[in-house]
Amino acid sequence: MMTDPLQARLELAVQRAFQELFNAEVALKQIGFQPTRPEFEGDVTMNVFPFLKLSGKAPEATATAIGEFLAREEPVVARFNVIKGFLNLVIADSYWLGFLQEAGTRDILALPSTGKKVMVEYASPNTNKPLHLGHMRNIFLGHSVSRILESAGNEVVRVQVVNDRGIHICKSMVAWQKFGNGETPQSSGLKGDKLVGKYYVEFDKELKRQVQEQEAGGKPKEQAEKEAPILLEAQEMLRKWEANFAEVRALWSTMNGWVYEGFRETFKAMNVPEFDKNYYESQTYVLGKEDVLKGLEKGVFYEKDGAVWVDNTPEGLDEKVLLRRDGTSVYMTQDIGTAIKRFEEYPGLSQLIYTVGNEQDYHFKVLFIILKKLGFPWASELHHLSYGMVDLPSGKMKSREGTVVDADDLIEEVVNEARAMGEQLSKLDDFSEKEKKDLYEMIGLAALKYYLLKVDPKKRMLFDPAASIDLQGHTGPFIQYTYARIRSLNRRVMAGVWTGSLKFPEAEIQFAWQPSTTSDQLQPLEKELLKRLHHTPSALLESADKLDPSILANHAYEIAKAYNSFYQAVPVLKEEDGRKKLFRHNLSIDVAKVLKKAMWCLGIEVPERM
RNA sequence: GAUCCCGUAGCUCAGCUGGAUAGAGCACCUGCCUUCUAAGCAGGCGGCCGUUGGUUCGAAUCCAACCGGGAUCACCA
């Protein structure tokens, strides 16, 4: 990894070794290091098997020769040992100590600016129902990826497309007109999105009733489903909406307004910021038509039966309609137009990432190919951040069958669990009610977010309600707890003065450890921690490259775990030797800093006490 | 029918750009609070890495076939 200066150094040295020892050229990329397995002495290990042809020697002899060269020529290598074809290198403590010093003076989770501007789209809900667990995976992912990209040196623009028009919202509108008796969020006290969602369900109920009725009257099922009066009404409502009927538009605005108010509350409860820009489908759905016609002129698309098509069979895909015979758009059309519009609106934009479920993999493949065919230079910088569905122990989530996990309910549940645990431990009796409430929300949300983010986004995941509110083990609260422990140490150092400040006391505590060449100053648990910290920039970069927060999430967990082992076995403030005490405290501070920033990248806050 | 994704411990997941004896958490069992927060630590139990072949000095990792699970393939959104 390029961000790992140690590895880069060693690779160069090994390259030199091959030149001087065997008169052989080796590309840096071919030289790979891996962490040394714990049962052997060493920090990093090089496998020499791939290079035996170059050296013309046996594995042990090759490894030994390189090891001797490195120990002699490269100061960071303190010593080495060889086991079979494995060259284990012990890195000088002074290197790790130097790293610690550096980590103390700057944010190692802030990579140099790339100068790139990246747009991330996520959330993109429909306005006919409340947010649920599936949205939460999407939103936490999109938000986290945005922050990771920021930390990795990019400027990020967050956007969503609000699917505010279409048959779905018309269904809610029709049902509300029929059965609503003028109900509003104010009159019933129901959250706006819940209220609109309720009428969407009402619509479905009534539809089913009518279909059954008509079936009983002798109509075939398919016909009954198409001809149900309430469905026809919804379709009529959609036509009126498109024709700009004032009353329909007014009702539409009102009901969407209720939904937005509800969404705002949920976003607040999720502790996720709003977007830099919202695109509304009611505005974007007209986009793309002209672009498609231009493509037709250029010969990128073709006409058949009066419709405009694109032929993606050369790419191994199918043909696809872009404009219907009657000249109207399909979903793809507006996505083409919206993408183009975004790059016009944001001139320096170099990348666009769509956070959308993997059931739309095919759609985005086609979209990207089309934009490439239209000749947009940025088309190769489009990414579909495709994530897997969230399953429940009972099976798939289906909104029609009422098996969805509601976002608001879930947050409430997880916060209640945090409260129950907190009160049982009763460490916080001096907290005010407000402080307790804030803390339990922070902990509950951490459990939920971490649970959803620790899994590779690409993979379908199982949502186990019990595990998601777990506060122990491989969880967000475990990392929070580690942070709080360290902050407690910090406070003691500062003579018990509790300021409530989130600032780290670097100013108060100077780094006083003098790196020296004498080896083995570091205890194994200290070194283990330093190595994990040292790997942080690489983890961040990999997370950013792969658009995968789980890499950073798991890295943070590894650090927290290593810290807790260290904390348990090695005294910090009770250490008599002042230099050691200071060193360990500095180490602790850096762990806290990294944990806090890594959690920030995941959209998770950390408490000063818990 | 075609294409794509996924099969690792009882459960949930890491590891997958090939390397040493495959790792965590949960669950279960044993210890550890008169020393810095026990939401913790130390230890134990638990694996034909879906199956079969191939490539390789070496395969959970790459390739092929098969089995099992999921998704997608509309002049729908």
Side-chain angles (χ1 to χ4, degrees), chain A residues 29 32 34 36-37 39-40 45-50 52 59 83-86 88 126 163 165-168 281 285 304-309 316-318 320-332 334-335 357-363 365-366 386 388-389 391 393 396 418 421-422 424-425 427-428 443 447 451 454-456 458-464 466-468 470-482 484-493 550-551 553-554 557-558 560-561 563-575 581 584-585 588 609-610:
Chain A
K29 271 196 302 188
Q34 52 191 309
T36 305
R37 289 191 149 260
E39 56 268 37
F40 303 106
T45 294
M46 177 187 169
N47 188 325
V48 302
F49 280 112
L52 298 183
I83 293 164
K84 292 191 284 182
F86 296 94
N88 300 321
N126 288 356
N163 298 306
R165 53 135 248 143
I167 191 70
H168 52 83
E281 204 204 345
Y285 87 114
K304 188 173 79 182
D305 304 332
V308 179
W309 294 73
L317 305 177
D318 280 324
K320 166 93 192 159
V321 166
L322 300 179
L323 284 178
R324 296 191 191 101
R325 200 181 331 177
D326 62 6
T328 55
S329 295
V330 294
Y331 188 54
M332 189 65 74
Q334 59 172 292
D335 270 5
N358 65 7
E359 75 272 18
Q360 294 200 39
D361 283 356
Y362 182 80
H363 174 80
K365 249 187 216 168
V366 173
S386 161
M389 297 292 100
D391 285 330
K396 286 177 68 170
M421 176 65 99
Q424 189 193 324
L425 294 172
K427 296 180 189 175
L428 305 165
I443 295 172
Y451 181 81
K454 73 176 174 182
V455 180
D456 184 344
K458 287 198 303 289
K459 292 192 176 169
R460 184 182 195 91
M461 70 177 287
L462 186 98
F463 180 82
D464 176 356
S468 74
D470 206 338
L471 310 171
Q472 280 154 3
H474 188 185
T475 66
F478 173 88
I479 299 171
Q480 289 179 317
Y481 175 73
T482 310
R485 267 186 152 177
I486 297 172
R487 294 298 290 148
S488 172
L489 282 187
N490 295 163
R491 263 173 262 129
R492 284 172 184 278
V493 168
S550 75
I551 294 167
N554 286 307
Y557 170 68
E558 297 291 336
K561 207 154 70 99
Y563 185 82
N564 281 317
S565 296
F566 160 81
Y567 179 91
Q568 193 76 25
V570 182
V572 180
L573 304 184
K574 301 231 185 272
E575 172 60 46
K581 181 171 168 177
R584 287 173 194 162
H585 188 238
S588 301
R609 286 176 61 189
M610 70 183 274

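A, B, ... follow the sequence lines: proteins, then strands. Residue 1 opens every chain.
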Between the base of A20(B) and the side chain of Asn88(A), is there any donor-acceptor pair under 3.5 Å? yes
Can you check the distance between [N] and [M], where both ends of the measurement are the [atom1] atom (answer in whole Å)?
N	M	atom1	answer
C33(B)	A42(B)	C1'	14 Å
C45(B)	C26(B)	C1'	14 Å
G54(B)	G43(B)	C1'	43 Å
U17(B)	G53(B)	C1'	25 Å
G47(B)	C13(B)	C1'	15 Å
A65(B)	A22(B)	C1'	26 Å
C67(B)	G31(B)	C1'	45 Å

Please determine, for the side chain of Asp470(A), which listed nucleotide (C26(B), A24(B), A14(B)) has the closest atom? C26(B)
Using the 3.5 Å cut-off, write out each protein N or O paired with an N or O of nucleotides 21-23 of chain B and the distance between them.
residue: G23(B); atom: OP1; partner: Arg37(A); partner atom: NH1; Å: 3.3

Using a heavy-atom cut-off of under 4.0 Å over every strand shown, decide if Pro50(A) touches base, sugar-phosphate, or nothing. base
Sequence neighbours left out, what passes salt bridge (Lys or Arg N to Asp or Glu O under 4.0 Å) with [X]? Give chain and number order.
X	result
Asp464(A)	none
Glu575(A)	Arg584(A)
Lys427(A)	none

Who passes ring-ring contact (aromatic ring centres under 6.0 Å, His included) against Phe463(A), sequence neighbours left out?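 For Phe463(A), the residues satisfying ring-ring contact (aromatic ring centres under 6.0 Å, His included) (neighbours in sequence not counted) are Tyr451(A).
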Tyr331(A) meets the ring-ring contact (aromatic ring centres under 6.0 Å, His included) criterion, sequence neighbours left out, with His363(A)
Look at the side chain of Asp456(A) and the backbone N and O of Lys458(A), then say whether any donor-acceptor pair between them is shorter than 3.5 Å.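 It does hold such a pair.
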Can a donor-acceptor pair be found, under 3.5 Å and without considering hydrogens, that links the side chain of Lys304(A) to the backbone of Trp309(A)? no
Quick check: do Val330(A) and Arg324(A) have side-chain heavy atoms less than 4.5 Å from each other? yes
According to side chain to side chain contact (heavy atoms under 4.5 Å, CB included), who are the partners of Gln472(A), at least two apart in sequence or on a separate chain?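 Side chain to side chain contact (heavy atoms under 4.5 Å, CB included) list for Gln472(A), sorted by chain: Met421(A), Asp470(A).
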What does nucleotides 36-42 of chain B look like as a protein-contact string, B for base, S for sugar-phosphate only, - for none, at under 4.0 angstrom between heavy atoms? BBSBBSS
Go along nucleotides 67-77 of chain B 5' to 3' and tag each nucleotide: B for a protein heavy atom under 4.0 Å from its base, S when only backbone or sugar atoms are that close, - otherwise. ---SSSS-BSB
Residues forming a side-chain hydrogen bond (donor to acceptor under 3.5 Å, both in side chains) with Thr475(A), sequence neighbours excluded: none
Rounded interatomic separation in angstrom, taking CG from Asn554(A) and C1' from C13(B): 8 Å
Could you spell out the base pairing of RNA chain B as a dot-bracket line? Use Watson-Crick and G-U wobble contacts where both distances are under 3.5 Å, [ ] for crossing pairs, | for partners on a different strand. (((((((..((((.....[...)))).(((((.......))))).....(((((..]....))))))))))))....
Ser329(A) to Tyr285(A) - nearest heavy-atom pair and separation: OG-O, 4.1 Å
Is the ring centre of Phe49(A) under 5.5 Å from the base ring centre of G19(B), and are the two planes under 30° apart, so that they stack? yes
Output a table of nitrogen or oxygen pairs between the protein and nucleotides 7-12 of chain B separated by less than 3.5 Å.
residue: G7(B); atom: OP1; partner: Lys459(A); partner atom: NZ; Å: 3.3

